[in-house]
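Worksheet: the structure to be examined is printed underneath.
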Amino acid sequence: MTIDGLEARVDPATQETAEQVVADLIARSNALGSDPRITNYAGGNTSAKGTATDPVTGEPVELLWVKGSGGDLGTLTPAGLAVLRLDRLRALQGVYPGVEREDEMVAAFDYCLHGKGGAAPSIDTAMHALVDALHVDHLHPDAGIAIATAADGPALTERIFGAKVVWVPWRRPGFQLGLDIAAVQRDHPEAIGTILGGHGITAWGSSSEEAEANSRWIIDTAEQYIAAHGKDQPFGAVRAGFEALPEEERRSRAASLAPTIRGIAGHDKPVVGRFTDSEVVLDFLAAQKAPPLAALGTSCPDHFLRTKVTPLLLDLPATASIEDQIARLHELHEQYRADYQAYYDRHATPDSPAIRGADPLIVLVPGVGMFSFGKDAQTARVAGEFYTNAITVMRGAESLSTYAPIDEAEKFRIEYWSLEEAKLQRMPAPKRLATRIALVTGAASGIGKAIAKRLAADGAAVVIADLDLGTAQETAAEIGGPDQAIGVAANVTSASDIDQAIQQTLLHFGGLDLVVNNAGLSLSKSLLETTEQDWDLQHDVMAKGSFLVSKAAAKVLIEQGLGGDVVYISSKNSVFAGPNNIAYSATKADQAHQVRLLAAELGEHGVRVNGINPDGVVRGSGIFASGWGANRAKTYGIDEQDLGKFYAQRTILKREVVPENVANAVAAICTDDFSHTTGLHIPVDAGVAAAFLR
């Protein structure tokens, strides 16, 4: 049996093969990482030491397997482990140049890799290598950080844990911290772990089971102590007027505020958002201590790297008018930007990375909830989870003592650390529609589904709007989880349905950038066969529906101030006169002129409006499957199964048009490649001369 090319060998100390060591490490990591009270997404790290056979010498070699940089404990696999030689890692102590140059040690880890080494080693590798225990956990549990950020953390640590857990004063993660913890483990043989000031916990054990048990004992003991000895109101009394609004009212208000808040958070660079109105958040925002505690900021590096050092907190009661809240948010944003620039200027050195934007990533609205932001929907969601954890940390610290996070200068050293900057630079380039939030109507099948899938593949967060909620959710599930797509029910002939769909979009993804008016249907009938009901139905769904969707979306796009795109899926028939489809063609002509009218009206807001004119999209089309295909085939005197080929042969290119061709055109027109294009109709018909635009 082999692991990354290594022959499995029995470790005499543990009687486990290298494969078993890794399997146990993965199982422990996943168990610890799946519990948000123990550690956050991508936070913390675990390790195991064992012996394998060096394929070059045939001799046994001691190895360290440790979670690599950027990995997530809850989803960790063997591929996410860094694999290093222990003898070389320990030898680094002899060349360690001191804390002022400890960042150089990260590059030295590359010379300790075994074989290709697996994942990139993280800054915490030294901690795991130097502690003389076979298994080590470093975690960020809420209860542990509460003790770590309490003003009298050292005394609390001794009181709560006795000699089993030792306080280690705040030190930035790195080689020196590894040496410090190793010294604690060596000098305190009765200890099973440490509380790391301002940061988290570290625990160890002689087996994977013992290490996990020790980690859980520290966390459970801290939680139980806080529960038994904490104050009843650690955040103080409730502020009158700042209490949580009723659910329907607060979510409606959140949707009304979301465009403004997205514009604030995305002032310097585009972001995706997420709204949270959990009880933890609402209780905190209602309390007297919320303003001073929010101003102190978070403490654990994993927290403030995701949330920025401090949030933007609206200082008006929940009962204030929406207009007053919006005006105040803009004022607070200007102050936040000035304060963040001053924070950067106070601590930046000539070697510091450039400022990464001065906008908040967390915006708190009392009585309503929290908006969190990031480079994609997952990052936005995780930022919110981290700030929720930070609230729990503050609650625990205030329950027992006074919340005292690490000081501002240390936060800056972490936030603008050269190693953190290097990690950011290693990240893959964003996809071309990254940070774009798209709403596609009629997206559960046919052309709409192809469009939704293509936009998601290009990095957009997508809302699948369709008459049938079940099929909309199924399509969203095909695309990915809720960080990629969600399904919502919407009848585009109903303004209230559209408002609800847009509200769901705003609350789930924080905003809206791209709207595709695709919902449609068709009845192929001659003039004399077309009824008034036929006419009204097609105009209600396509002409009226597109108008209602565009109107509701435009309000959001204008309030955000970030520009945007509106795309109409019109038709070749909007410019081509053919027999037996007067209602369909007339409503498509209506849609086509809406494109021109809205392009002229919305351009001043940076909103582009363009149309796509498909033709002959038979394969996968809901319209053709619902009877339109049979009627068109009858009109042309051919079998329905040959309709796609028939349409292809009458084109200049002699190619059949499929839904993916339409999706490609939508994806292209919404990119920066077409930044100066609006009011355009793009034919996707393989060339129909009679439909050439004039």
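In this text the structure is predicted, and so the values were computed from the model without any measurement.
- Judged by distance alone, the side chains of S278 and T276 never bring a donor and an acceptor atom under 3.5 Å apart.
- For K67 and D124, the salt-bridge test fails: no basic side-chain N is under 4.0 Å from an acidic carboxylate O.
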Candidate pair D277 and R253, rule salt bridge (charged side-chain N to carboxylate O under 4.0 Å, His left out), full reasoning: CA-CA 12 Å; D277 59 349; R253 180 167 290 227; over 6 Å; no
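- For D499 and K555, the salt-bridge test fails: no basic side-chain N is under 4.0 Å from an acidic carboxylate O.
- The heavy-atom pair separating A472 from A444 by the smallest distance is N-CB, 3.9 Å.
- Summarising the local packing, NZ of K289 is surrounded by more than 12 heavy atoms from other residues, nucleotides or ligands at distances under 6.0 Å.
- In this structure, Y387 and S372 have side chains that are not in contact, with every pair of non-hydrogen atoms separated by 4.5 Å or more.
- Counting heavy atoms from C-beta on, the side chains of V309 and E408 never come closer than 4.5 Å.
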Does the pair D513 and R262 meet the rule for a salt bridge (charged side-chain N to carboxylate O under 4.0 Å, His left out), with working shown? CA-CA 11 Å; D513 303 294; R262 171 104 183 289; 2.8 Å; yes
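- Note: Q335 CD to R328 CZ = 8.5 Å, rounded to the nearest 0.5 Å.
- Using a 4.5 Å heavy-atom threshold, the side chains of V488 and H508 count as separate.
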Working for side-chain contact (heavy atoms from CB on, under 4.5 Å), residues I147 and T157: CA-CA 7 Å; I147 307 303; T157 299; 3.7 Å; yes
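- A donor-acceptor contact closer than 3.5 angstrom links the side chains of T75 and D72.
- For the pair R28 and D137, the minimum side-chain heavy-atom distance is below 4.5 Å.
- Using cut-offs of 30° and 60° for the angle between ring planes, the Y340 and Y416 rings count as tilted.
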Mind running side-chain contact (heavy atoms from CB on, under 4.5 Å) on T39 and L32 for me, showing each step along the way? CA-CA 7 Å; T39 199; L32 293 170; 5.7 Å; no
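- Classified by interplanar angle (parallel below 30°, tilted 30° to 60°, perpendicular above 60°), the ring pair Y343/F412 is perpendicular.
- When all heavy atoms of P360 and A265 are compared, the pair lying nearest together is O-CB, 3.6 Å.
- Ring geometry for F275 against F371 counts as tilted: the plane angle lies between 30° and 60°, on a 0 to 90° scale.
- Between D268 and D359 the shortest heavy-atom distance is N-OD2, 2.7 Å.
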Start with the C-alpha gap between N518 and V666, add the side-chain angles, then the distance that decides, and say whether side-chain contact (heavy atoms from CB on, under 4.5 Å) holds. CA-CA 11 Å; N518 170 76; V666 173; over 6 Å; no
Steps toward side-chain contact (heavy atoms from CB on, under 4.5 Å) verdict (H347, K411): CA-CA 10 Å; H347 302 292; K411 291 178 182 179; over 6 Å; no
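- Taking a cutoff of 4.0 Å between a charged side-chain nitrogen and a carboxylate oxygen, R413 and E410 qualify as a salt bridge.
- To the nearest 0.5 Å, atom CG of residue L455 and atom CG of residue L433 are 6.0 Å apart.
- By the 4.5 Å heavy-atom criterion applied to side chains, L257 and V363 are not counted as neighbours.
- Side-chain contact check for L329 versus L312: some heavy-atom pair is nearer than 4.5 Å.
- A489 and L469 get closest at one heavy-atom pair: N-CD1, 3.6 Å.
- Under the 3.5 Å distance criterion, with hydrogens and angles disregarded, a donor-acceptor pair is assigned to the side chains of T379 and D376.
- With contacts defined as side-chain heavy-atom distances shorter than 4.5 Å, the pair I226/L400 qualifies.
- When every heavy atom of A553 is checked against every heavy atom of I502, the shortest pair comes out as N-CD1, 3.7 Å.
- Using a 4.0 Å cut-off between charged side-chain N and carboxylate O, R608 and D565 make a salt bridge.
- More than 12 heavy atoms of other residues, nucleotides or ligands sit less than 6.0 Å from atom CD of E331.
- Side-chain contact between I391 and F235 is present, with at least one heavy-atom pair separated by less than 4.5 Å.
- Under 3.5 Å, the side chains of D345 and Q341 contain a donor-acceptor pair of N or O atoms.
- Across all non-hydrogen atoms, the minimal contact from V393 to D142 is CG2-O, 3.6 Å.
- Inspection of the D220 and Q224 side chains reveals no N or O donor paired with an N or O acceptor under 3.5 Å.
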